[in-house]
Amino acid sequence: MQRGPFHFPMRDAPAQVINLKDYTPPAFLIESVALDVDIQPAQAIVHATLKIARNPARGGAIEPLVLDGEDLELLSASIDGRKLAPGEYRADEGHLTIAKVPDSFTLETVARFDPWKNTKLEGLYATKSGLVTQCEAEGFRRITYFIDRPDVMATYSVTLCADKAQFPRLLANGNLLASGEGEPASWFAAGSEGRADGRRHWARWQDPFPKPSYLFAMVAANLELLEDHFTTRSGKKALLQLYVEPGKLDQAGFAMQALKKCMRWDEDVFGLELDLERFMIVAVSDFNAGAMENKGLNIFNTKYILARADSATDYDYFGVDKVVAHEYFHNWTGNRVTCRDWFQLSLKEGLTVYRDQEYSGDEYSRPVVRIQEVRDLRNRQFPEDAGPMAHAVRPESYVEINNFYTSTVYDKGAEVVRMYATLLGKEGFRRGMDLYFKRHDGQAVTCDDFRAAMADANGVDLEQFGRWYSQAGTPVVDVSAKYDGTNETYTLTVTQSCAPTPGQAAKKPFVIPLAVGLVDLDGHDLPINIDSASLFDGVRSNGGRTAVLAVTQERQDFVFHQVPEQPVPSLLRGFSAPVQAKFDYTDSELTHLMAYDSDAFNRWEAGQALAIRILLGGVKAIRAGTQMEVPLAFAEAMGRVISDGSRDPAFAAECLQMPSEGYLAECMDVADPEAIHIARMRLVRELATRYRTRFEGAFRHFAVPGPYSPDAHAAGRRALRNAALSYVSAMDDATSRALAFLEYRRAENMTDAMAALTCLANSAGAERERALSMFYEKWKDEALVVDKWFRVQATSWLPGTLDRAKALTKHAAFDLKNPNRARSLLHSFATDNPLHFHAGDGSGYRWIAEQVIELDRLNPQVASRLARAFDRWKKYDEGRMAHARKALESIRDTQGLSGNVAEVVGRALGTDPNSSVKAAE
Ligand code: 0A1
Ligand code: ZN
C-alpha cells in the first residue's frame, strides 16, 4: 500500500493518508512464525523466526524487505543464520528495512520492550492480572517486526516463559504442544540465556490455521478458570475454557452458557461448526474495546463476560450474550475468511454484527431487538453519516484505521448484509453464505467478493447494490400516495436522494428494499396485488400482506391494484433499509398505525414519529414562550400502551421511551439542547400527571417474583415497571422520591436497583446523596458496578452536573488509564448528556477538550473516541459553535497530539476534509 504525505495543521509529524485505490499485494509473504517470548521484570524479549518469500503476485520485482515495528528496541537481526551488520538494515520509528534479501529465507529478529509502560493498550500490555495482547488492527507490530497487514497469513507457534507465581497461566492461539518448569530446552540449545530457573515455567502453543497477525494473541497472567465441553454436531468434542480475574468465577457462568448456546445456533442456522479442539476466552479489566476474536483465544473486556444477578443489569446480560456470540461468530466470518485490507473491515464486522443480531432476534423478542438496533443506528450512525467523519461502509481513505471502527462499518454494515437477506430471501442468503465459504475459506478477501458470492449463488445482478459500500450518507426516501377509487388503484410515488458527504458531492440511486403494507380502516392489512416488475426477484409476494418494493431509481411509481378503500401505508416495515423514510401522515393516521399495524416495528415507529412531531412543536413553543401542545389522541394512545402492557411488556416499555435528546437534535436544522430537554421533560410530565395511577399500578403489577433470571420474559416485565417508575419520578415530588428510594433499598437485582438510582440521580431531594453513597459503599470493590456509579452521575440532567463530574475526576476510584472508567465518566458525559455537554457557556466543551488532551497522552484510541463527541458541533447556534471551535482548536494545537485525535479533530474543523486529503495527494 502506498502512502502519500498529508499534513494536519500544527502536527509534529506528517500524518499519512492511506487510500483504497493504492492497494497492492504485499512484496513478501510470510509462511510461518515462531515466537520465543521471554517475560522478565519490566521487559519482554521477543525472538521471532519468520519464513519469508517474495510474493509472486508482485511479478518478480526485486524489492527491499520492509517490516512494521513500533516502540521496539531491536537487539539483533539475522538472515538464514547470519547476523546482519549495522549497515545492512535500518530500524527507524515505524519500520525495519533490509535492502538486500534472498527470494526465500529465514529472518530472525530479537526485540525488547516494556509492556508495563504500554498505556495505549495495543500490542502486549499489562492489565490487573498480568499481560495480554490486543493486535487488531495494527498492534502486532508492537510485539515483533512483521508485515502487519491482514493479507499476510502465516502459521504461528509461540513459546512463552515467565515467572510461575506471577504468571501461572501462559496461553496463546491454538493447541498446547508442551509445557514445563524452568526455561524450554530449545532456548539453551539456541544459545540464548536459558537457565533452569525453578521460579519460571514455559508453555508452547501452535495454531494450525494460517492467520493474519491481527488475530494473534497471547496471555501471561494470574487467572481463574471455568471449564466446560461442547460436542459439535459432527461429534467432535471441544474443550471450552473461560479465564477470569481471581475472585470472579461466580460471575462467569452466564458467559459460558451463552457460548454453548451460540455455538449450537451457528450450527443450526449457518451449518458452521467450531474447527478447534479448544476454545478459550480471557476476560480482563483493561481493554480499549468490547472484545476481540483472536483465533481460539478471544480476549474480552470484563464488561462483556462478568454477570451476576445482584451486580449486572438485564441489559448487561444481553450485552454478554450478544458479544460472546459476536466474537464466536467471527471464527468463520473474519477468521476463516478474513479481510484483504482494512478498507474491507465491514466484510467481517457488518456480517458478524448481522449474525449476532439474528441470534439475538431468535433468543429474545425479535421486534424489541429490532427496535433497539434501529434506535442505536439512528442515535449513532445517522449522525455519523451527517457529520465530518461520514464515510462509506467501505471507506476510501483513512489516516488512523482505529478511527474507522465505526457505527457505519459495524451497524450500517450489518444493515447492508440484512438487505441481501431481504432481497434474496432466507434461503437465497444461505446459498450465498455457503458459496462464500466454499470459494474463500482460508483467504483474505474483499466486500466485492462477498457480493459476488451472493449474486452468483442466486443468479442475480447485484452491481447497483455495490453503491451501499461506496457511497456515504443516509438516503432519504420520500413517499407520496394517490388513491383512485374508480379504478381501485393506489399509487405510491417514491423518490430517493442522498445529501453530499465529505468528498462525495453527488450520489447515484441506491437499491432500496422498501417493505410496505396497506392498512385498511379496520386496521387489517389489505392483500397486495402489484405488478411483479415492482418487486425483487427473491421476494415476490403477490397476495401477501407485505411487499418488498424494488426501489432502484431516483423516482418511481408503484401501483397497487384491487384496493377497495384508501389505506394507510405502512412503510419500511421492520426497517427494511437504512434510510430515512418520509411520508406526510396525519396525526390520526399515525395513531391508527400505532394501534393496528401488523408490523410491530412500525407500531412502535408510528408512536415515535408522533412523539417527534409533538416534541419538535414543543421546542418551537418553548422558544416562542407559548404552550406546548400534546394531542389528546397521542396521550390516549400512550395510556393504552400502559394498560395493555401485559400483552408484551418489553414492547410496551419501548413504546414508552421517548426519542433521545440527541436524536431530536438531529431532527432540527439548528439544535437547541435546552429547549429539547425542556420539551421532552414536559411531555413526560404531562403523561406522568395524566396517568400517574396507571404508572404506579404498572410499577407494582409488573414486579417479577422469585429468584432473578435474565430471560426475555422477566427482563421485559422489569423494563416496563422501570419505565413506569421513571415516568412517576419525572414528577420529582416527595412521593415519587420516596417511592424510588424505597425501591432502591428493596431491589434485589441490579436492573431494579439501577433504575431506581437513575431516577434519584435526576432528583433534587436528599435521597439522591443517600442512595449514591450507599451504592458506592456497597459496590466499591466491584469495578464494573463502580463504572455505573460514575455514569449515573455524569448523565444526570440536574444543574451542577458538570462541577460534580469534574470533582469525580479527583475521586480515589477514578483512573484515566482504565478505559472503562474513563468512559464511565467522560464519554458518558460527552455523548449521553447533551444538555450539559452542549451548555451554552461552552463549559462542557472546554472540559471535554481538556480531558481529550490529557487522555491522548496515555491512550490515543480512547481519546479519539471521546473527541468524536464534537462531531456535530456545527448543528448548534453561533454561540455554541464559537465555543466548540475554540475547544477543538485547543486540542488541535496541542504539541505531540496523536494521529488518532488529529484526524478526528482535523476533520471536524476542516470545511471539507476529504478535499484537503485529495489536494495533498
Ligand atoms: N474485532 C473486534 C473489535 C476490536 C477492534 C479493535 C480492538 O482494539 C482495540 C479491539 C477490538 C470486534 O469486532 O469485536
Ligand atoms: Zn467484530
Side-chain angles (χ1 to χ4, degrees), residues 70 118-125 127 132-143 148 150 173 211-217 219 255 258-259 262 266 281-305 319-339 342 344-360 393 398 400-414 416-417 817-820 822-823 827 855 858-866 898 900:
E70 195 180 287
N118 178 359
T119 59
K120 292 186 177 174
L121 315 191
E122 291 174 76
L124 181 66
Y125 66 89
T127 174
V132 296
T133 52
Q134 172 53 42
C135 292
E136 188 176 6
E138 297 178 335
F140 192 65
R141 64 188 61 184
R142 296 167 59 77
I143 295 171
D148 193 10
N173 316 82
K211 64 169 177 285
S213 51
Y214 82 87
L215 290 174
F216 171 83
V219 173
L259 176 60
C262 71
D266 217 12
I281 294 179
V282 171
V284 296
S285 15
D286 300 270
F287 200 75
N288 279 349
M292 180 62 212
E293 70 264 25
N294 319 298
K295 185 79 186 182
L297 177 54
N298 289 357
I299 297 182
F300 270 65
N301 189 324
T302 46
K303 181 172 163 54
Y304 293 109
I305 289 293
V320 170
D321 201 1
K322 181 185 170 75
V323 179
V324 166
H326 180 96
E327 305 310 328
Y328 175 75
F329 295 159
H330 267 314
N331 190 50
W332 279 94
T333 50
N335 301 6
R336 287 288 288 251
V337 184
T338 195
C339 304
W342 292 119
Q344 318 298 330
L345 183 57
S346 198
L347 172 81
K348 72 177 177 82
E349 295 306 346
L351 178 53
T352 304
V353 171
Y354 169 73
R355 276 153 52 68
D356 81 52
Q357 290 180 345
E358 282 300 288
Y359 167 73
S360 299
V393 165
Y398 60 80
E400 172 52 64
I401 184 55
N402 286 312
N403 284 333
F404 287 81
Y405 284 75
T406 59
S407 185
T408 299
V409 166
Y410 274 68
D411 305 325
K412 187 175 179 179
V416 171
V417 175
K817 283 204 188 93
N818 177 264
N820 285 359
R823 283 188 284 254
H827 296 60
L855 194 50
L858 298 166
N859 190 328
Q861 268 188 38
V862 180
S864 78
R865 286 267 151 165
L866 182 59
S898 70
N900 307 54

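Order of listing sets the numbers, starting from 1, for every ligand and every atom in it.
The side chain to side chain donor-acceptor pair (under 3.5 Å) with Asn301 is formed by just one residue from the set Asn288, Asn820, Asp286; it is Asn820.
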(message) Working note: Ile401 + Glu138, criterion side chain to side chain contact (heavy atoms under 4.5 Å, CB included); need CA distance, chi angles, decisive distance, verdict.
(response) CA-CA 8 Å; Ile401 184 55; Glu138 297 178 335; 3.9 Å; yes
(request) Test side chain to side chain contact (heavy atoms under 4.5 Å, CB included) on Val132 and Leu124 and set out the steps. (result) CA-CA 6 Å; Val132 296; Leu124 181 66; 5.9 Å; no
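Note on ring orientation: taking the six-membered ring where Trp is involved, the planes of Trp342 and Tyr405 are tilted (angle from 30° to 60°). Using bins of under 30°, 30° to 60° and over 60° for the plane-to-plane angle, the ring pair Phe404/Tyr398 lands in the tilted bin.
Taking the charged nitrogens against the carboxylate oxygens, Arg142 and Glu70 do have a contact shorter than 4.0 Å, which makes a salt bridge. Comment: Lys348 engages Glu136 in a salt bridge, judged by a side-chain N to carboxylate O separation of less than 4.0 angstrom.
Looking only at N/O/S atoms, His330 comes nearest to the Zn ion (ligand 2) through NE2.
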Every pair of nitrogen or oxygen atoms between ligand 1 and the protein that is under 3.5 angstrom apart - can you list them with their distances to 0.1 Å?
from	atom 1	to	atom 2	distance (Å)
ligand 1	1 (N)	Glu136	OE1	2.6
ligand 1	1 (N)	Glu293	OE1	2.7
ligand 1	1 (N)	Glu293	OE2	3.4
ligand 1	1 (N)	Lys348	NZ	3.4
ligand 1	1 (N)	Glu349	OE2	3.1
ligand 1	8 (O)	Gln134	NE2	3.1
ligand 1	8 (O)	Glu136	O	3.2
ligand 1	13 (O)	His326	NE2	3.3
ligand 1	13 (O)	Glu349	OE1	2.9
ligand 1	13 (O)	Glu349	OE2	2.9
ligand 1	13 (O)	Tyr410	OH	2.7
ligand 1	14 (O)	Ala291	O	3.1
ligand 1	14 (O)	Glu327	OE1	3.1
ligand 1	14 (O)	Glu327	OE2	2.5

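With the Zn ion (ligand 2) as the vertex, atom NE2 of His326 and atom OE1 of Glu349 span an angle of 110° (nearest 10 degrees).
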